[in-house]
Asks: 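Submitted below is the structure of interest, expressed as structure tokens.
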Amino acid sequence: RASDTAENGKKGVACFRDNPSYSVILMDLMMPIMDGFDAANLIHQHDPNVPIIAVTAMEQTEDTERKCREHGMIAVIYKPIRKQLLLSVVQEWLDRTRSRRVSTSISIESDRNHLADAVTP
């Protein structure tokens, strides 16, 4: 599979446990059932090296970025997402992980269509 989508953090963690070979994870921070911070912590308990990129509509602040780093996320992308920025950040991490993983990804977000809707050219 090239990618998977989970509609909340709990399902995202379950997807990762079922297929721990993801090259990169796009993680929405604000989700029902389990937020992206808790999901990232659980995923990193299984594999501390998997790159997780935070995706959020939260205000862009130093506190948001600090909290993401504290939870092991390697980048933060703010909504509305600029397509070129998203592709650039994901490609950078795919290039870094290509030698140790099969190229697959997971997008964990509260609304399956929200990420696609948030991407702007």
Asks: Supply the atom-to-atom distance Asp38 CG to Met27 CE, rounded to the nearest 0.5 angstrom.
Replies: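 If I round to the nearest 0.5 Å, the distance is 10.0 Å.
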Asks: Heavy-atom distance under 4.5 Å between the side chains of Ile74 and Ile52, does that happen here?
Replies: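 The answer is no; the side chains never approach within 4.5 Å.
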Asks: Among residues two or more places apart or on two chains, list those pairs meeting ring-ring contact (aromatic ring centres under 6.0 Å, His included) that have a residue in residues 37-73.
Replies: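 The answer is Phe37-His71.
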Asks: Each residue besides Val76 in its hydrophobic cluster should be listed here, by chain and number; the cluster joins Ile, Leu, Val, Met, Phe, Trp and Tyr at side-chain heavy-atom distances under 4.5 Å.
Replies: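 Result for Val76 is Tyr78.
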Asks: To the nearest 0.5 angstrom, please state how far the NZ atom of Lys79 sits from the CD atom of Gln60.
Replies: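 CD of Gln60 is found 14.5 Å from NZ of Lys79.
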Asks: May I ask you to test the Ile77-Arg82 pair for a side-chain heavy-atom distance under 4.5 Å?
Replies: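 A side-chain contact is absent here, since even the closest heavy-atom pair is not under 4.5 Å.
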Asks: Same cluster or not: Val55 versus Leu87, using hydrophobic residues (I, L, V, M, F, W, Y) connected whenever any side-chain heavy atoms lie under 4.5 Å apart?
Replies: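 Different hydrophobic clusters.
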Asks: Walk me through whether Cys68 and Thr56 qualify under side-chain contact (heavy atoms from CB on, under 4.5 Å).
Replies: CA-CA 11 Å; Cys68 288; Thr56 186; over 6 Å; no
Asks: Could you verify whether a donor N or O on one side chain and an acceptor N or O on the other, from Asp95 and Gln91, lie under 3.5 Å apart?
Replies: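 The criterion, which ignores hydrogens and geometry beyond distance, is satisfied for Gln91 and Asp95.
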Asks: Heavy-atom distance under 4.5 Å between the side chains of Phe16 and Asp47, does that happen here?
Replies: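 Yes, their side chains come closer than 4.5 Å.
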Asks: Using the rule given for side-chain contact (heavy atoms from CB on, under 4.5 Å), can you reason through Met73 versus Ile53, listing the C-alpha separation, both sets of side-chain angles and the distance that settles it, and then say yes or no?
Replies: CA-CA 6 Å; Met73 296 179 219; Ile53 299 169; over 6 Å; no
Asks: Measuring from Glu65:CD to Asp63:CG, what's the distance to the nearest 0.5 Å?
Replies: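 Between atom CD of Glu65 and atom CG of Asp63 there are 10.0 Å.
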Asks: Which heavy atom in Tyr22 sits nearest to a heavy atom in Ile25, and how many Å separate them?
Replies: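 It is CB-CG1, 4.3 Å.
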Asks: Under a 4.5 Å cut-off applied to non-hydrogen side-chain atoms, are Met34 and Val13 in contact?
Replies: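 Yes, close enough: below the 4.5 Å cut-off.
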Asks: Side-chain contact test, heavy atoms from C-beta onward, threshold under 4.5 Å: evaluate it for Val24 versus Val89 and give yes or no.
Replies: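 Val24 does not reach Val89 side chain to side chain.
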Asks: Tell me the closest heavy-atom pair linking Ala6 and Cys15, and the distance in Å.
Replies: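 Heavy-atom minimum between the residues: CB-SG, 4.3 Å.
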Asks: Of all residues at least two apart in sequence or in a different chain, which pass the side chain to side chain donor-acceptor pair (under 3.5 Å) check with Thr64?
Replies: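 Listed in chain order: Thr61.
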Asks: Between Ile43 and Pro20, is there a side-chain heavy-atom distance shorter than 4.5 Å?
Replies: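 A side-chain contact under 4.5 Å is absent here.
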Asks: Main chain of Met31, side chain of Asp28: is a donor-acceptor contact present, judged purely on distance under 3.5 Å?
Replies: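 Not confirmed, Asp28 side chain does not pair with Met31 backbone.
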